[in-house]
Amino acid sequence: MGLSERIGAIQHSMDFISKARFDENDDRVCISMTENHCDIQPTRESDGNDNGTLDPEYTSWLKKHPSALGMFEQIMASGKGKKIIVFLDYDGTLSPIVDDPDRAFMSEVMRAAVREVAKYFPTAIISGRSREKVFKFVQLTGVFYAGSHGMDIMAPVLPLTASDVKHQTRIDDKQGSDDVLFQPAKEFLPTIQEIIEELEEKTKCIHGVIIENNRFCISVHFRRVREEDYSELEELVKSIVKDYPRFHLTRGRKVIEIRPSIKWDKGYALEYMLDTLGYGNSNNVLAFYIGDDRTDEDAFKVLRVKKRGYPIIVSSIPKETSAVYSLRDPSEVMSFLLHLARWRKNSSSSKIVI
């Protein structure tokens, strides 16, 4: 039996999160679990200024991109009275980066934190994975999902422009769902399948390659590939894609991605979801976008340009980014989400309002 079922069986899932308290010194919880026991203890929260244990280069980088945990009170002061929306990447943000992409499982405590924050704020996960796969990992129904870097979005019905509506498909789940699928790259599906078959055949000679079908894009993972084979793999992928002029390559963390050449990315997905949630033209909104990958930079830039909220990068090393704030790893992401939930509990008893 999984942890969530055990917690439900003893009827204290709400207590589980409510115990995640933080004292006036901004301590962070440390949650330890065994098969029959769950213990939550506070530990001192890093504010990004623990210079004695950080690499000097990273410490310098933190001055430009300070810890979102250390700056939490200042961040929330700027959002007082505004509608808060939370956008999250998946891999490297809600789950650790792992060698096998099919095993990038979300921890039960992270799932509980996302569930808790989604009770109070509209929450969406925008991932490069297929939307169906992300849902299988997350297993939460109170969250909006955007897969394939935003080329496959499930969001509320709110027709926008003629160009948007033509890519929308209403969901008929026999439960009165008001959601629609937005899929601007649907016409590319047959060709994507063709490319996948060619990749699988031609990369057999390179040990460790994993071809992942993310529905509207393709990921070629090489985390398990020998370093001396990187160049051969890249040239092979390039040689295949050159025969498909309507597709292009992008790169992530130990992954080459093949995408349709349409004007769409996580930044456009973020704008679309703000619009469908009713906040597209509102100045009364504070959006958080938390992500770790270069593909998240498109969304970071949108938030900065439109001044609609704060992009937060997840990184334990210094890197070029458009993010304003930072978090070191998924454990700090979880702490930030719990801070948000506690902040809302302390400021209002109301639940999510869209």
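Every value quoted in this text rests on a predicted model; they were computed, and no experiment measured them.
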**OP:** Return the orientation label for the Y289 and F87 ring planes: parallel under 30°, perpendicular over 60°, tilted otherwise.
**Re:** parallel
Report the residues that fulfil side-chain hydrogen bond (donor to acceptor under 3.5 Å, both in side chains) with [X], sequence neighbours left out, ordered by chain and then residue number.
X    : value
E212 : R129, K133, H221
K319 : none
R226 : D229
E201 : K204

Side-chain donor-acceptor contact under 3.5 Å, [X] with [Y]:
X    : Y    : answer
S130 : N214 : no
Y58  : S315 : no
S282 : N284 : no

Using every non-hydrogen atom in the two residues, find where [X] and [Y] come nearest and quote the distance to one decimal.
X    : Y    : value
A185 : I262 : CB-CD1, 3.9 Å
P122 : I84  : CD-O, 3.3 Å
K82  : L286 : CB-N, 4.2 Å
G142 : A118 : O-CB, 3.7 Å

Taking only residues at least two apart or on different chains, which pairs with a member in [range] satisfy salt bridge (Lys or Arg N to Asp or Glu O under 4.0 Å)?
range            : answer
residues 286-299 : R253-D292, K266-D296
residues 303-315 : E271-K306
residues 234-244 : E234-K238, E234-R251, E235-K238

Return the set of residues passing ring-ring contact (aromatic ring centres under 6.0 Å, His included) with [X] (not counting sequence neighbours), or none when no residue passes.
X    : value
Y244 : none
Y145 : F135
Y90  : F137

**OP:** With sequence neighbours excluded, tell me which residues meet side chain to side chain contact (heavy atoms under 4.5 Å, CB included) with Q74.
**Re:** M71
Subject >> Counterpart residues, side chain to side chain contact (heavy atoms under 4.5 Å, CB included), relative to A323 (two or more places apart) >> reply: F300, P311, I313, T321
Original post:
Hey, are K202 and E197 close enough for a salt bridge, meaning a charged N less than 4.0 Å from a carboxylate O?
Top reply: no
